[in-house]
Participant: 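Have a look at this one.
Numbered from 1 within each chain, the chains take letters A, B, ... in sequence-line order. Because the structure is predicted, anything quoted here is derived from the model rather than measured.
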2 protein chains.
Amino acid sequence: MATIRDVAKIAEVSVSTVSLAFSSPGRVSPRTLERIRSAAAAVGYVADPLAQSLARGRSRMIGFVVGNVGNPFFGDIRRELENYALEHEHFVLITDSSGKTDRERDLIEHLIGLKIAGLALAPSSFGPDYVKFVESIKVPMVCFDQKVAGIERDFVGSDNFLAGAMLTEHLLQLGHRRIAFIAGPQHMHTASERYRGFVETMASAGVEVNPNYVVDGQFTRSAGYEAAMRLLIQPERPTAILGANNAVALAALQAMQELGFSCPDDISLAMIDNVQWSSVITPRITMVVQDTLQLGNIIARRLLHRITDPDANNEPPQDFVLAPKFVPGNSCRRI
Amino acid sequence: MATIRDVAKIAEVSVSTVSLAFSSPGRVSPRTLERIRSAAAAVGYVADPLAQSLARGRSRMIGFVVGNVGNPFFGDIRRELENYALEHEHFVLITDSSGKTDRERDLIEHLIGLKIAGLALAPSSFGPDYVKFVESIKVPMVCFDQKVAGIERDFVGSDNFLAGAMLTEHLLQLGHRRIAFIAGPQHMHTASERYRGFVETMASAGVEVNPNYVVDGQFTRSAGYEAAMRLLIQPERPTAILGANNAVALAALQAMQELGFSCPDDISLAMIDNVQWSSVITPRITMVVQDTLQLGNIIARRLLHRITDPDANNEPPQDFVLAPKFVPGNSCRRI
DNA sequence: CGATTTTATCGAACCGGTTCGATCAGCATC
DNA sequence: GATGCTGATCGAACCGGTTCGATAAAATCG
């Protein structure tokens, strides 16, 4: 590998001039610039990014930290960020915390050690300690998906209240009254907002929520399955189930299938968030989806803005909340 | 941030001794070691990984390059690698080439610029140029999934011939003779092997393969859909379809549903590779799955071995080929 | 007890860049 | 013709570590 000193020697200039020639070509005379460029081309010189990062104190890498890179929701966002970053000569380092807060912390610290230019984080936790940790991160950052109370950073996400409300309203319109809700962990903002959307829409319609119809699915497949089973063995079954996310809803579908219930004939089902291959699942589930591409795009723009614009760190943190979209399927029946 | 010189000053030793104390504590006297450790603890010293990498010429990071991190197949492998790497104080950088060879190349070069200790690569291409490029990589590496002719590196993958053969045999046992095959790109080793498994098993059973029943699905959803449609509009339809991967098989299921065919009553379906939520897809598709956890484990061990064992680079490259597993569903009917 | 080996520590060079103050030539100004 | 200014270039220090040969003290040996 050719170093900057090799180039300097060949071009017969000092090392600092070579450095200058690449970082701000305008400040070098056209003649020497040309000499340096051809010398660099001759030996195939490419600046060592590691040495640059060490000297500059920052790199051109962006950290992307989520709980599950396999989730297509995060996948879409990641792809948008990658493309946008690439256009601006930045490079995305993807990491996966498996939803574990400890590992997330390790990953972030590792990334900071690599002197990343910026961080896109889908927070995995909440609470004072967590907020303190996130607030201590001095790298430009954008949080997304999960709004955490107390974190004063840019946030990009969807209107989860609306998501819950839309599906509830849809089921009410179809004549359902005995609507069950498989909730997520209430400390998560997305989960509590979706639940609030359900509860308040029911209240607005003057329909009472049966406490037995609200179960906790933890946003996971296994807990969702158990929760659904509890719903389905009740003597007075709900006529419709609303899953607060894709995992619990599909777990409910599985439970229904295993118990021999037909969807939507026996029980209707609706969910928040898409899954891969949703179109080949029978029935096609009525859902509300987030505009992942748009979310990714905003995250990317906002983060790159904070990274590249020198006085962007004076700008106050801002929230970007997008409306989700209703996607009808055939899993909800009029009664 | 405290630097090594701060620690040296407090512990009243030289910088080189501090460095030594952390890299090989045995070569420092117990007394000074203790002084250095407490000094480091006092100021919260942590070695800057960037500076270390620069000085050492290599880091403790492992590059993971695949075409689609969202694919659960790669997800399982990634998780195994991450866990194993973490146990050995290495850190996995995940990157996604979107299946594009150009981007893959950029990513790899970027990673090499970061002086990664090792590379786990699921090759996205083939051919002399590609082989030359991969062979030029001097970092310890393990290839997986796709066996590429000419690349002399460790390889970890599944027996794809067997995968194709198992499902073909299963369909033959059920009495099927008009079996269609939705193939993948034949330049890919996995695709051609699966196809070979189909063809040879048919031949062994003395059943002729109808050329109209072999279509190219490119391993993608869209091409698979078109290919399936071509199969389904034929006057003499196949009684069973074998999808060479999950995408083409599920695309075929979708096509069948849209044309009003019932699976398995009208047409049976089997596929290679699992998908998330396969258990809630109706019918549950009979498939052959790869042992992703085992694959990931072998990749991790092999790579870490090559990284940490100094004379491992003398070891010749080795192939690890695992047998896939048959997972019965209810998508194949006896006729 | 002197000669030799071992052990602990150090200084300096190095990894490959960036950055900033100094220098110097060229040019305009008075 | 002396003075002041500008733009191009340079040297040196620095980023934060590692590594290796040198050195001095301690341990081993005959």
Participant: Under 3.5 Å, is there a donor on one side chain and an acceptor on the other for Arg79(A) and Asn83(A)?
Facilitator: no
Participant: Provide, to the nearest angstrom, the distance between the CG atom belonging to Asp6(B) and the P atom belonging to dC14(D).
Facilitator: 14 Å
Participant: Between Arg78(B) and Gly70(A), what is the shortest heavy-atom contact and its length?
Facilitator: NH2-N, 4.4 Å
Participant: At what angle, to 10 degrees, do the two end axes of the helix from dC1(C)-dG30(D) to dC30(C)-dG1(D) meet, given five pairs define each axis?
Facilitator: 50°
Participant: Specify the separation, in whole Å, of atom CG of Leu54(B) and atom C1' of dT18(D).
Facilitator: 10 Å
Participant: Measure from CZ on Arg5(A) to P on dC15(C) and round the result to the nearest Å.
Facilitator: 8 Å
Participant: Assign Val46(A) to base, sugar-phosphate, or nothing according to its heavy-atom contacts below 4.0 angstrom with the strands shown.
Facilitator: sugar-phosphate
Participant: Grab the CD-C1' distance between Gln52(A) and dC15(D) for me, whole Å please.
Facilitator: 13 Å
Participant: Angle between ring planes, Phe64(A) versus Phe144(A), binned at 30° and 60°: parallel, tilted or perpendicular?
Facilitator: parallel
Participant: Run the side chain to side chain contact (heavy atoms under 4.5 Å, CB included) test on Val28(A) and Val13(A) for me, step by step, so that the C-alpha distance in whole Å, both residues' side-chain angles and the decisive distance to 0.1 Å come before the verdict.
Facilitator: CA-CA 11 Å; Val28(A) 169; Val13(A) 292; over 6 Å; no
Participant: Any carboxylate oxygen within less than 4.0 angstrom of a Lys/Arg side-chain nitrogen, looking at Arg105(B) and Asp102(B)?
Facilitator: no
Participant: If you compare all heavy atoms of Met141(B) against all heavy atoms of Arg153(B), which two are closest, and at what distance to 0.1 Å?
Facilitator: SD-NH1, 3.5 Å
Participant: In whole Å, I'd like the distance from the NZ atom of Lys115(A) to the C1' atom of dG17(D).
Facilitator: 11 Å
Participant: For DNA chain D, determine which residues of residues 14-28 of chain B have any heavy atom closer than 4.0 angstrom to one of its atoms, and list them numerically.
Facilitator: Val15(B), Ser16(B), Ser19(B)
Participant: Rounded to whole Å, please give me the gap between CD1 in Ile4(A) and P in dC10(D).
Facilitator: 12 Å
Participant: From the options dT9(C), dG16(C), dT18(D), select the nucleotide whose nearest atom is closest to the side chain of Asp48(A).
Facilitator: dG16(C)
Participant: Among Arg103(B), Gln146(B), Glu104(B), find the residue that satisfies the side-chain hydrogen bond (donor to acceptor under 3.5 Å, both in side chains) test when tested with Ser124(B).
Facilitator: Glu104(B)
Participant: What residues in residues 33-45 of chain A put a non-hydrogen atom under 4.0 Å from any atom of DNA chain D?
Facilitator: none
Participant: Starting at CZ of Phe133(B), measure out to CD of Glu109(B) and round the result to the nearest 0.5 Å.
Facilitator: 5.0 Å
Participant: Specify the separation, in whole Å, of atom CE of Met1(B) and atom C1' of dG17(D).
Facilitator: 15 Å
Participant: Over all strands shown, is Thr32(B) touching base, sugar-phosphate only, or nothing at heavy-atom distances under 4.0 angstrom?
Facilitator: sugar-phosphate
Participant: Output the rounded distance in Å from CG (Leu114(B)) to C1' (dC15(C)).
Facilitator: 16 Å
Participant: To the nearest 0.5 Å, what is the distance between OG1 (Thr292(B)) and CG (Asn71(B))?
Facilitator: 10.0 Å
Participant: Relative to each other, are the rings of His187(A) and Phe126(A) parallel, tilted or perpendicular (30° and 60° limits)?
Facilitator: parallel
Participant: Locate the shortest heavy-atom distance separating Leu119(B) from Ile137(B); write the atom from each residue and the value.
Facilitator: CD2-CD1, 4.2 Å
